[in-house]
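To start, the structure itself, in C-alpha cells.
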Number of protein chains: 4
Amino acid sequence: MPRTTNNSYDRANKRTFKIRSAAYELITEIPFADITMTMIAERAQVAKGTIFNYFKNKEDIFMAICINGYLHYIERMEAAIEQAQITTKSDLKEFLLAQTRLQVREYSVVILITSLRRFSLEVHADREQTLQGRVRIYATLDRIANKLVQAVPDVDVEAVRHAFIIQGSILNGLLNFANMNIFNNIECPIEMPSVTVDIEVEATHLFGIYLDDILKM
Amino acid sequence: MPRTTNNSYDRANKRTFKIRSAAYELITEIPFADITMTMIAERAQVAKGTIFNYFKNKEDIFMAICINGYLHYIERMEAAIEQAQITTKSDLKEFLLAQTRLQVREYSVVILITSLRRFSLEVHADREQTLQGRVRIYATLDRIANKLVQAVPDVDVEAVRHAFIIQGSILNGLLNFANMNIFNNIECPIEMPSVTVDIEVEATHLFGIYLDDILKM
Amino acid sequence: MPRTTNNSYDRANKRTFKIRSAAYELITEIPFADITMTMIAERAQVAKGTIFNYFKNKEDIFMAICINGYLHYIERMEAAIEQAQITTKSDLKEFLLAQTRLQVREYSVVILITSLRRFSLEVHADREQTLQGRVRIYATLDRIANKLVQAVPDVDVEAVRHAFIIQGSILNGLLNFANMNIFNNIECPIEMPSVTVDIEVEATHLFGIYLDDILKM
Amino acid sequence: MPRTTNNSYDRANKRTFKIRSAAYELITEIPFADITMTMIAERAQVAKGTIFNYFKNKEDIFMAICINGYLHYIERMEAAIEQAQITTKSDLKEFLLAQTRLQVREYSVVILITSLRRFSLEVHADREQTLQGRVRIYATLDRIANKLVQAVPDVDVEAVRHAFIIQGSILNGLLNFANMNIFNNIECPIEMPSVTVDIEVEATHLFGIYLDDILKM
DNA sequence: CATGAATGAGCTTTCATTCAT
DNA sequence: TATGAATGAAAGCTCATTCAT
C-alpha cells in the first residue's frame with residue numbers, strides 16, 4: 001500500500017513541533033515572563049514571523065505544550081495498558097502509581113506549566129484550539145478508564161477518570177507549594193524540616209491513599 | 001508600658017498595605033502579566049514612584065501578598081486553636097478540615113498566586129525579604145503544630161507541620177489542574193464529567209483521607 | 001478584420017482588473033494604511049504572490065486605480081459628447097455640469113484617492129507606468145477639449161483642458177476639507193452650520209461660476 | 001499684576017509643541033507613511049515614550065498639526081482684521097484674497113495634511129480632542145465672520161463662514177489634483193500645458209470669482 | 001505564471017524604573 | 001518621603017516581499 005504523504009501538512013507539523021520544543025526547552029531554563037518570541041524563534045531556528053503563522057501568541061505556544069505534553073503522557077499510558085496485565089484492584093493501583101512516577105519524572109514541566117493557565121495562558125491562548133485539545137484529552141482518558149474497568153471488576157469508570165484529575169492536581173500542587181526552602185532553584189540556608197518534600201515520594205503516597213479510598217481497598 | 005507610636009512607621013505600614021491590597025484586588029480581576037505598576041498605583045492611590053520605595057518590583061508585591069496572605073491565614077488558625085477545644089484525633093481532624101474549608105473560601109487567591117512563584121515571582125522578588133517571611137511562616141506553623149500535639153496524644157509534630165504543606169498543595173493543585181471545562185472563567189459547552197470539580201468538596205475529601213492516614217485513624 | 005485574442009494577455013488583464021477592483025472595494029471600507037496585501041489578495045481571490053506579478057507594490061495598485069478610474073470617467077465623457085448635441089456656450093456649460101454631477105456621484109472615491117498621491121502613492125508607485133497613464137489622460141482630455149471647441153465657437157481649447165483640472169480639484173478639495181462635522185464617518189453632535197456641505201450642490205455651484213468666468217458668459 | 005506661571009503646564013505645552021514641530025518638519029521632507037515615531041522622537045529630541053504621554057499615536061500628532069496650524073492661520077486673520085480698515089465689499093474681497101495668498105504661501109502644508117484625514121487621521125486620532133479643536137476653529141471663524149459683516153453692510157454671516165470652507169477646499173484640491181506633470185516632486189519631461197498650475201494664481205482666481213458671486217459684486 | 005509559506009526588518013506601543021522637584 | 005514626567009530598552013506583532021514548488 002503506497003503511503004500518501006501530504007508534504008505541506010508534514011512540514012507544518014514539523015514546524016509546530018520545532019517551535020513547541022524550543023519553547024519547552026526554554027521554560028526549563030528561564031522564567032515564563034522572561035521568555036521572548038525572539039528567543040523561541042532563535043532556538044527553533046525559524047523566523048519570528050513564522051511562529052505567528054502557527055501560534056496566535058506566546059501564551060498559545062505554552063498552552064499547546066500543556067495539552068500536547070499531557071496528551072503524550074496519557075497516550076503512552078493507554079499503550080502501556082496492554083502490556084500491563086491488569087486483573088485485580090491491586091494491579092490497577094500498582095499500574096497507576098507506576099504511571100504517577102513516570103509523570104513526576106518525565107512530565108513535571110508539563111504539569112507545572114499548567115499553573116500558568118489561569119493567570120496567563122487562558123487569557124490569550126486560542127479558545128477553540130484549546131478546547132479541542134481538552135476534548136481529545138478527555139476522550140483519551142475516557143478510553144483508558146474504560147479499558148481499566150473492563151479489566152478489573154467492581155470499579156467505577158467515573159471514579160477512574162476522576163482519579164486522573166486528582167493525580168495531576170497532586171503533582172501540580174506539590175511542585176508549586178512544597179519546597180519553600182528553595183528560592184529561585186537555590187536551596188536556602190534555613191533549616192525548615194517538613195517543608196522540604198521529595199515530590200515523587202509524596203505524590204505516590206498521597207495518590208496511593210486516594211486510590212485505596214476510591215477502590216475501597 | 002506606654003506604646004510609643006512612630007508616625008512615619010505607621011504611615012509606611014499603611015502604604016505597603018494599600019499597595020498590596022490594590023494588587024490583590026487587581027489579580028482577582030486581571031491576569032498577572034497584564035497588571036501594570038500604573039494600575040496598582042492608581043488603585044492604591046499613590047504615585048507610581050512611591051511603590052518603588054516599598055517594593056523592589058511587581059513580583060515583589062505579589063510575593064509579599066503570598067506570604068502575608070498565608071501568614072494571615074495561619075495566624076487566624078493559631079488564634080482559633082484556643083477556642084477549638086481539641087482533645088482527640090477526631091477533634092484534630094475536624095479542626096484541620098474546618099481550617100481547610102476556610103482556606104478554600106477565603107484564601108484561594110493567595111494559594112493560587114503561589115503558582116507564579118516558580119515561573120515569575122522568585123526570579124525577581126527580593127530574596128532576603130521572602131526568606132524572612134518564609135521563616136516567620138515556618139515558625140508559626142511550628143507553634144501551631146506544637147500546640148496541637150500537646151492537646152492530642154500520640155501525634156507527631158513533624159507530621160502535623162508537614163500536613164500544612166500538603167493542605168496547601170492540594171488546594172493549589174486543584175485550583176490549577178481541575179475544572180478544565182472552564183476556559184478564562186467561562187464554562188465550555190462541552191460535557192466532560194469527572195473533570196468538573198467542587199474544589200471545597202474535593203480538597204476536604206483528599207486532605208481528610210490524608211489526615212486519616214497520618215493520624216492512623 | 002478578425003481580432004486575434006491572446007489568451008494569456010486576456011487573463012493578465014482580468015487579473016489586474018480583479019486586483020484593482022478588490023483594492024477599490026477595500027478603500028471604500030477601510031483606511032488606506034490599514035489595507036494589507038493579504039486583504040487585497042483574499043478579496044481578489046488570487047495568491048498574495050500573484051499581486052506582485054502585476055503591481056510593484058500597494059501604492060502602485062492605488063495609483064493604477066486613480067489613473068484608470070479617471071480615464072474611465074473621461075472616456076465615458078468623450079463618448080457622451082456625440083449624444084450631447086452641444087452648439088452653444090450654454091450647452092457646453094450644461095454638459096460640463098452634468099459631467100460634474102456624474103463625477104460626484106460615481107467617481108468620488110477615485111478623486112478622493114488622489115489625495116494620497118503626494119503623501120503616499122507617488123513615493124512608491126512605478127514612475128514610468130504612472131506617467132504613461134497621465135499622458136493617456138492628457139491625450140484624452142485634449143481630444144475632448146478639441147471636440148468641444150469645434151462644436152462651440154469662440155472657446156479656447158487651453159481653457160477647456162484647464163477646466164477639467166479645476167473640476168477635479170474642486171471635488172477633491174470639497175471631499176477633503178468640507179464636512180468637518182463628520183469624524184470617521186460619524187456625524188458629530190455639534191452644531192456647525194456652514195461647515196456642512198452638500199458636495200454635489202457646492203461642486204456644481206463653484207464649477208458653474210468658474211465656467212461662466214472662463215466662457216465669458 | 002503678577003503673572004502666575006504653572007510650570008508643569010508650561011513644560012507640557014513646550015513638549016507638545018516640540019513634537020508637533022518635529023512632525024511638521026518631517027512631513028515636508030518624507031511621505032506620511034514613511035515617517036516613524038522614532039524619527040519624530042529623534043527630531044524633537046525627546047524619548048519615544050514621551051511622545052505617547054502627549055499623543056495617542058502618529059495620526060493624533062498630525063491631526064493636531066492640522067487643527068493647530070489652521071487655528072494659527074485664522075487667529076492671525078482675526079488679528080489682522082483690526083489693521084485692515086474694511087468698509088466696502090471690495091475691501092472685504094481684497095482682504096480675503098490677501099489672506100488666501102498667505103494661506104498658500106505659509107499654510108499649504110497644513111492644508112495638504114488635511115488630505116489624510118479621511119483615509120488615515122480620523123481613523124486613529126483621538127475623537128474628543130479633534131472635535132474640541134474643530135469647535136474652537138468654528139468659534140473663531142464665527143467671530144471673524146461677525147466682525148467682517150459688522151464692518152461691511154449687506155453681507156451674510158453664514159455666507160462668509162461658508163467661504164472659509166470653500167477657501168480651504170480650493171487650496172487643498174489644487175494641491176492634490178493639479179500639477180500632475182510633477183511626480184514625486186520631480187517635473188516630468190512631458191509637455192502637458194493646462195495641467196500645470198500656479199497654485200497661488202489659480203486659488204485666488206477661483207476664490208475671487210466665488211467671492212464676487214456670494215458678495216453679488 | 002500561480003502559489004502561499006517563510007522571512008525578518010522594522011513598526012508601534014508598553015511599562016518598569018529613574019530622578020529632579 | 002512623595003511625586004509623576006521622562007526615559008528608552010525591549011516587547012509583541014505585522015506585513016510587504018521573496019522564492020521554492
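Naming convention: chains lettered A, B, ... in sequence-line order (proteins, then strands); numbering from 1 in each chain.
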Starting at [atom1] of [X] and ending at [atom2] of [N], how long is that distance when rounded to a whole Å?
X	N	atom1	atom2	value
B:H124	E:dC15	NE2	C1'	14 Å
D:F55	E:dT12	CZ	C1'	16 Å
B:D34	E:dT14	CG	P	12 Å
B:D60	E:dT17	CG	C1'	14 Å

Legend entry - Of the listed nucleotides E:dA16, F:dT7, F:dA16, the one nearest the side chain of D:A47: F:dT7
Legend entry - Which nucleotide in E:dA16, F:dT18, F:dC13 has an atom nearest any side-chain atom of A:F52: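 Looking only at side-chain atoms, A:F52 lies closest to F:dC13.
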Legend entry - N/O donor-acceptor pair, side chain A:K48 with base E:dG10, under 3.5 angstrom: yes
Quick one: are [X] and [Y] in side-chain contact, heavy atoms under 4.5 Å?
X	Y	result
B:R127	A:I186	yes
D:N13	D:F17	no
C:I51	C:I61	yes
D:N53	D:R15	no

Inset, instruction - Between D:Q45 and B:Q45, name the one whose nearest nucleotide on DNA chain F is closer to the 5' end. - result: B:Q45
Legend entry - Earlier contact from the 5' end, DNA chain F, for B:I51 and A:N53: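 Result: B:I51.
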Inset, instruction - Answer yes or no for B:K18 and B:Y54: cation-pi contact, defined as NZ/CZ to six-membered ring centre under 6.0 Å and angle to ring axis within 45°. - result: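 Judged by the rule (NZ or CZ under 6.0 Å from the ring centre, within 45° of its axis), B:K18 is not positioned above B:Y54.
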Inset, instruction - Identify, between D:I35 and B:I35, the residue whose nearest nucleotide on DNA chain E lies closer to the 5' end. - result: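 Nearer the 5' end of the strand: D:I35.
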Inset, instruction - Report the residue (A:V46 or B:N57) whose heavy-atom-nearest nucleotide on DNA chain E is the more 5′ of the two. - result: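 Looking at the nearest nucleotide for each, A:V46 comes out on the 5' side.
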Give a yes/no on whether any side-chain N or O of [X] is located under 4.0 angstrom from OP1 or OP2 of [N].
X	N	value
B:Y54	F:dA2	yes
A:T50	E:dT7	yes
B:R15	F:dT1	no

Legend entry - A:M63 CE to A:T130 OG1 distance, which is reported to the nearest 0.5 Å: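 A:M63 atom CE to A:T130 atom OG1 measures 4.5 Å (nearest 0.5 Å).
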Legend entry - Structure string for DNA chain F in dot-bracket form, Watson-Crick and G-U at under 3.5 Å, | interchain: .||||||||||||||||||||
Inset, instruction - Return yes if some donor-acceptor pair links the side-chain N/O of A:R117 with the main-chain N/O of B:N176 below 3.5 Å, else return no. - result: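 The answer is yes, because a donor-acceptor pair under 3.5 Å joins these two groups.
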